Asks: 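Below is the structure I would like to discuss, written out as structure tokens.
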Amino acid sequence: MAKRRKVWMYCPPKPKKPQVPDGLKAEVSSKSRTLIDEHLNPTHVKPPPKNPEFNYLIDLFTLWYQSYFYFCAIYACPHP
């Protein structure tokens, strides 16, 4: 079996992703907080059931990760 030859390649550096400006982050965060407080929490987050058998929603929140914006939820797990 013949030996493989090593070959050099040019790999240019990846361009940096554009960052979200702080003003836009603050505006999006505040508007999403209002959306969650006024519309999503009252319609989707209910008090815990009397005999919980399944997971249920207890909180909604938002999260910035790098230049991505996420809506997240926290669920309660009543059974082990």
Side-chain angles (χ1 to χ4, degrees):
M1 181 144 86
K3 271 185 150 180
R4 283 191 141 177
R5 261 183 45 179
K6 292 186 180 182
V7 180
W8 288 94
M9 285 177 28
Y10 174 69
C11 295
K14 293 181 182 179
K16 208 172 192 184
K17 289 185 181 181
Q19 297 294 318
V20 180
D22 291 333
L24 181 62
K25 273 188 179 184
E27 182 182 351
V28 169
S29 295
S30 68
K31 287 187 178 186
S32 67
R33 189 75 241 164
T34 344
L35 172 72
I36 287 174
D37 291 340
E38 293 177 3
H39 299 288
L40 297 178
N41 268 347
T43 56
H44 297 289
V45 178
K46 305 290 183 199
K50 292 181 183 178
N51 294 325
E53 294 181 31
F54 305 105
N55 300 347
Y56 56 92
L57 188 64
I58 59 172
D59 192 22
L60 295 168
F61 64 98
T62 58
L63 177 70
W64 278 100
Y65 178 72
Q66 294 175 353
S67 61
Y68 301 100
F69 185 70
Y70 293 100
F71 281 91
C72 305
I74 297 176
Y75 285 85
C77 303
H79 291 289

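As the structure is a prediction and not an experimental result, all values here were calculated from the model.
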Asks: Show me, pair by pair, the donor-acceptor contacts under 3.5 angstrom made by side chains of residues 40-50, not counting sequence neighbours?
Replies:
unit_1: Thr43; atom_1: OG1; unit_2: His39; atom_2: O; d: 2.8
unit_1: Thr43; atom_1: OG1; unit_2: Leu40; atom_2: O; d: 3.2
unit_1: Lys46; atom_1: NZ; unit_2: Thr43; atom_2: O; d: 3.2

Asks: Just jot down the side-chain hydrogen bond (donor to acceptor under 3.5 Å, both in side chains) partners of Asp37, sequence neighbours excluded, or say none.
Replies: Arg33

Asks: Output the rest of the hydrophobic cluster of Phe54: all Ile, Leu, Val, Met, Phe, Trp and Tyr residues reachable through side-chain heavy-atom contacts under 4.5 Å, sorted by chain and number.
Replies: none

Asks: Check residues 63-77 and write down every donor-acceptor pair under 3.5 Å in which the side-chain atom is one partner and the other belongs to a residue at least two apart or another chain.
Replies:
unit_1: Trp64; atom_1: NE1; unit_2: Ser29; atom_2: OG; d: 3.0
unit_1: Tyr68; atom_1: OH; unit_2: Lys17; atom_2: NZ; d: 3.3

Asks: Which residues, ordered by chain and number, are linked to Trp8 in its hydrophobic cluster, where ILVMFWY side chains connect at heavy-atom gaps below 4.5 Å, directly or through other members?
Replies: none

Asks: Taking salt bridge (Lys or Arg N to Asp or Glu O under 4.0 Å) as the cut-off, I'd like each qualifying pair that reaches into residues 19-32, sequence neighbours left out, listed once.
Replies: Glu27-Lys31

Asks: Scan residues 51-63 for pairs that pass salt bridge (Lys or Arg N to Asp or Glu O under 4.0 Å), counting only residues two or more places apart or in two chains.
Replies: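 The answer is none; no pair qualifies.
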
